[in-house]
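Structure record follows, encoded as structure tokens.
Throughout, numbering of the chain's residues begins at 1 and tracks the sequence.
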Amino acid sequence: MYKSLRLKSLMKQKGISIAKLALDLNLSEENIILFQNNIFNADIDVLILLANYLDVSVDYLMGRTDNTDSHKNKLTSL
């Protein structure tokens, strides 16, 4: 699944509008729409911001994993 579809799906699941996301993260609605439509690639800072806000990993947002909780895994000391 492409990152834009993941973003749309997460926003829908959490009931977050483009306007709310833009306001909460101080991003433009236009950039969010462009990102959702695979026209614009967000830089890493924006990806981290989106992932943190949506409580998923950047890897999940980018489609590199299907585990929505992968960012919550902690390494244990040996």
Are side-chain N/O atoms of Tyr60 and Asp66 paired as donor and acceptor at under 3.5 Å?
no
Say you draw a straight line from CE of Met11 to CG of Leu50; how long is it, rounded to the nearest 0.5 Å?
9.0 Å
Measure from the side-chain N and O atoms of Arg6 to the backbone N and O of Met62, and report whether any donor-acceptor pair falls under 3.5 Å.
no
Please find the pair of heavy atoms, one from Ala51 and one from Ser57, that lie closest to each other, and give the distance.
CB-C, 3.8 Å
Mark yes when over 12 heavy atoms from residues, nucleotides or ligands other than Asp43 sit less than 6.0 Å from its CG; otherwise mark no.
yes
d(Leu7 CG, Phe35 CZ) to nearest 0.5 Å is 6.0 Å
Mind listing the closest non-hydrogen atom pair of Ser28 and Ala22 along with its distance?
C-CB, 4.1 Å
Measuring only between side-chain heavy atoms, which start at C-beta, is Leu27 closer than 4.5 Å to Leu21?
no
Please examine the side chains of Leu10 and Ile16, heavy atoms only from C-beta on, and report whether any two atoms are closer than 4.5 Å.
no
If you group Ile, Leu, Val, Met, Phe, Trp and Tyr by side-chain heavy-atom gaps below 4.5 Å, do Val46 and Ile33 land in one group?
yes
Nearest-0.5 Å distance that lies between atom CD in Glu29 and atom OG in Ser17
7.5 Å
I'd like to check the salt bridge (Lys or Arg N to Asp or Glu O under 4.0 Å) partners of Lys14; sequence neighbours left out, ordered by chain and number.
none
Working to the nearest 0.5 Å, report the span between CG of Leu61 and CG of Asn52.
10.5 Å
Tell me, do Ile48 and Ile44 make a side-chain contact under 4.5 Å, heavy atoms counted?
yes
hydrophobic_cluster_shared for Leu25 and Val56, side chain cutoff 4.5 Å
yes
On a heavy-atom basis, which atom in Val58 and which in Leu47 lie closest, and how many Å separate them?
CG2-O, 3.9 Å
So how far is it from Ile18 CD1 to Lys8 NZ, rounded to the nearest 0.5 Å?
8.5 Å
